[in-house]
Protein chains: 2
Amino acid sequence: MGRRSDHTRPELREMIVSEGHRQISEVGFARFSAREVAKRIGYTIGTLYNVFGSYDQLLLAINGRTLDLWLANLERHLEGVEQGRLEAAIRAYFEFAIAHRHAWTALYDFRLSEGEEMPEVQRAKVEAITGVIIREITDELPAERSADAPELARSLLATVHGHCFFALNGTFALLGETDPVARALDRVEDALAAYR
Amino acid sequence: MGRRSDHTRPELREMIVSEGHRQISEVGFARFSAREVAKRIGYTIGTLYNVFGSYDQLLLAINGRTLDLWLANLERHLEGVEQGRLEAAIRAYFEFAIAHRHAWTALYDFRLSEGEEMPEVQRAKVEAITGVIIREITDELPAERSADAPELARSLLATVHGHCFFALNGTFALLGETDPVARALDRVEDALAAYR
DNA sequence: GCCTTAAATTGAACAACGATCAATATTTTA
DNA sequence: TAAAATATTGATCGTTGTTCAATTTAAGGC
């Protein structure tokens, strides 16, 4: 085999995704370059295409890494928390997005070419994050409304996403809003109150 | 002057923005090409740069056009409506985003280069749309809570944005949500209920 | 050790992009 | 009509994603 060192294929994949994630975290989606990633790990552009097949697959893998980190961060922030778990989850949501703003934004900047659809692995990661929120919402709801938890969780995820997005892209600053997290928490509280 | 026909400068600007908006509406932000816009109106790339100075300024102008159309659409949908004006506004929000999905998405796909900030004209357009919502929220609130309208309006805009964004990018479909508009209306109603 | 085979890696080549700007063409003004 | 002002061009540059024949390297058998 023509390996230049002792990386097996999965290890090379890991190197690329790792460096790719570092790159997109630093320069953002718009300035991301597959060539630059290759150069930084001592390979050339051809090797990246041999491993991933296309730019889209590479970006899916990098976004997958971001989702992994996001879920891990969420679970870490909930570990051992007894009271106010939902609030902790929402604060963790913002904290992660701000700390990894470029990588987080890339999750939404990147869209697959028309016709292609998101691979199952990726779907599972989004559902895993959603699952955490569904679980926390279920705990906040009266037992007889448990069946409503998934729908409410999806909607509150969208609510928090909107606030987080406006916080990061400057819309809130433009409109004079100075505490996006507090506003998101307000809206979540309003929704829960309506269900009680 | 070297004009090839009878366009004055403002008219050429108008031609470019008009064709640019058409292009971005058709192919989306990722596939948008300034060269292609120039070709379609019978000019070359150089002329576009003489008129707009940079790619960023061109895209700002195109997004400005989208904001203009958005505000006009919003006002049209509220014209003569007596009851349920806020609901009408939210439905109009979704309707516009869906009808102009690529142009609407480009509003958020495009970000200025670091350092540059949004020109005043653009800020004013975002504030104009927000202003409509603030006005409608004010009408829904008890008179003694009027002062809270701007804050609540910003937050509900973020809420609706999040639902609309998830509807368009496929997140809601992935999670099994089939009626994003209804969910957004639910959340707005919850918030208003808390204020009453 | 050597030779065959399989795998990995390269990098030149291509089309298209944003960006620049001296050269050219056109219109206006004197 | 000549000179000045303006508008337009398109070649040129560096960079991008993408492809793929050629090359290099490692593995296995003898």
Side-chain angles (χ1 to χ4, degrees), chain A residues 1-17 19-21 23-24 26-63 102 106 109-116, chain B residues 1-17 19-21 23-24 26-63 102 106 109-116:
Chain A
M1 292 191 275
R3 289 192 242 110
R4 68 167 45 191
S5 60
D6 59 352
H7 312 299
T8 64
R9 283 265 118 176
E11 285 175 16
L12 178 52
R13 259 190 89 94
E14 165 59 27
M15 275 185 65
I16 297 171
V17 173
E19 180 59 37
H21 188 267
Q23 274 300 301
I24 218 165
E26 282 176 14
V27 304
F29 175 73
R31 299 194 196 286
F32 177 81
S33 154
R35 265 194 169 83
E36 183 64 23
V37 171
K39 194 190 295 180
R40 298 249 183 155
I41 60 173
Y43 282 84
T44 61
I45 181 68
T47 301
L48 259 67
Y49 272 82
N50 289 339
V51 174
F52 284 94
S54 74
Y55 185 80
D56 282 20
Q57 291 301 314
L58 171 57
L59 253 107
L60 273 176
I62 292 172
N63 277 350
H102 281 142
D109 284 335
F110 173 66
R111 274 174 291 276
L112 286 167
S113 311
E114 216 139 358
E116 298 188 64
Chain B
M1 293 192 273
R3 287 192 243 111
R4 68 166 45 191
S5 59
D6 59 352
H7 311 300
T8 62
R9 284 263 119 177
E11 284 175 18
L12 179 51
R13 259 190 89 95
E14 166 58 29
M15 274 185 68
I16 297 171
V17 173
E19 179 58 37
H21 189 266
Q23 274 301 300
I24 219 165
E26 280 177 17
V27 304
F29 175 73
R31 298 195 196 287
F32 176 81
S33 154
R35 266 194 167 83
E36 183 65 22
V37 171
K39 193 190 295 180
R40 298 247 182 156
I41 59 173
Y43 282 84
T44 60
I45 182 66
T47 300
L48 259 68
Y49 273 82
N50 289 338
V51 174
F52 283 95
S54 75
Y55 185 79
D56 282 20
Q57 291 302 312
L58 171 57
L59 254 108
L60 273 176
I62 292 173
N63 278 351
H102 281 142
D109 284 335
F110 172 66
R111 273 174 292 279
L112 286 166
S113 311
E114 215 138 2
E116 298 188 64

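Just so you know, these numbers use all the heavy atoms, side chains as well, and skip hydrogens, waters and symmetry mates.
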**Q** Could you state the atom-to-atom distance from CG of B:Leu12 to P of D:dT9 in whole Å?
**A**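 To the nearest whole Å, that distance equals 10 Å.
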**Q** With a 4.5 Å limit on heavy-atom distance, are the side chains of A:Ile62 and A:Phe110 in contact?
**A**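 No, every pair of side-chain atoms sits at 4.5 Å or beyond.
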**Q** Would you mind reading off the distance between B:Arg13 atom CZ and D:dT6 atom P, rounded to a whole angstrom?
**A**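 Roughly 18 Å, once rounded to whole Å.
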**Q** Could you pull out all residues at least two apart from A:Glu14 that satisfy salt bridge (Lys or Arg N to Asp or Glu O under 4.0 Å)?
**A**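 Salt bridge (Lys or Arg N to Asp or Glu O under 4.0 Å) check on A:Glu14 returns A:Arg65.
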**Q** Write down the distance between CG (B:Asn50) and C1' (C:dA23), rounded to a whole number of angstrom.
**A**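 After rounding, the gap between these two atoms is 13 Å.
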**Q** Between atom CD1 in A:Ile41 and atom P in C:dA8, what is the gap in whole Å?
**A**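 Taking atom P of C:dA8 as the reference, CD1 of A:Ile41 is at 15 Å.
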**Q** Set out, in order, the CA-CA distance, both residues' side-chain angles and the distance that settles side chain to side chain contact (heavy atoms under 4.5 Å, CB included) for B:Glu36 and B:Val27, then state yes or no.
**A** CA-CA 11 Å; B:Glu36 183 65 22; B:Val27 304; over 6 Å; no
**Q** Assess whether side chain to side chain contact (heavy atoms under 4.5 Å, CB included) is satisfied between A:Tyr49 and A:Leu58, documenting all intermediate values.
**A** CA-CA 9 Å; A:Tyr49 272 82; A:Leu58 171 57; over 6 Å; no
**Q** Could you pull out all residues at least two apart from B:Glu116 that satisfy salt bridge (Lys or Arg N to Asp or Glu O under 4.0 Å)?
**A**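 By the salt bridge (Lys or Arg N to Asp or Glu O under 4.0 Å) rule, B:Glu116 matches no residue at all.
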**Q** Could you state the atom-to-atom distance from CG of B:Leu48 to P of C:dC17 in whole Å?
**A**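 Taking atom P of C:dC17 as the reference, CG of B:Leu48 is at 13 Å.
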**Q** When every nucleotide of nucleotides 11-18 of chain D is labelled 5' to 3' by its protein contacts under 4.0 Å (heavy atoms), B for base, S for sugar-phosphate only, - for none, what sequence of letters results?
**A** -B---BBB
**Q** Under 4.0 Å from OP1 or OP2 of C:dT10: is there any side-chain N or O of A:Thr44 that close?
**A**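 Yes, within the criterion.
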**Q** CG of B:Leu112 versus P of C:dG18: gap in Å, rounded?
**A**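 So the two atoms are 16 Å apart, to the nearest Å.
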**Q** Distance check needed: C:dG18 C1' versus B:Phe110 CZ, whole Å only.
**A**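 Taking atom C1' of C:dG18 as the reference, CZ of B:Phe110 is at 13 Å.
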**Q** Measure the spacing between NZ of A:Lys39 and CG of A:Leu48 and express it to the nearest 0.5 Å.
**A**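 Going from NZ on A:Lys39 over to CG on A:Leu48, the span is 13.0 Å.
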**Q** To the nearest Å, give me how far apart NZ (A:Lys39) and P (C:dG11) are.
**A**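 Rounded to whole Å, this separation is 13 Å.
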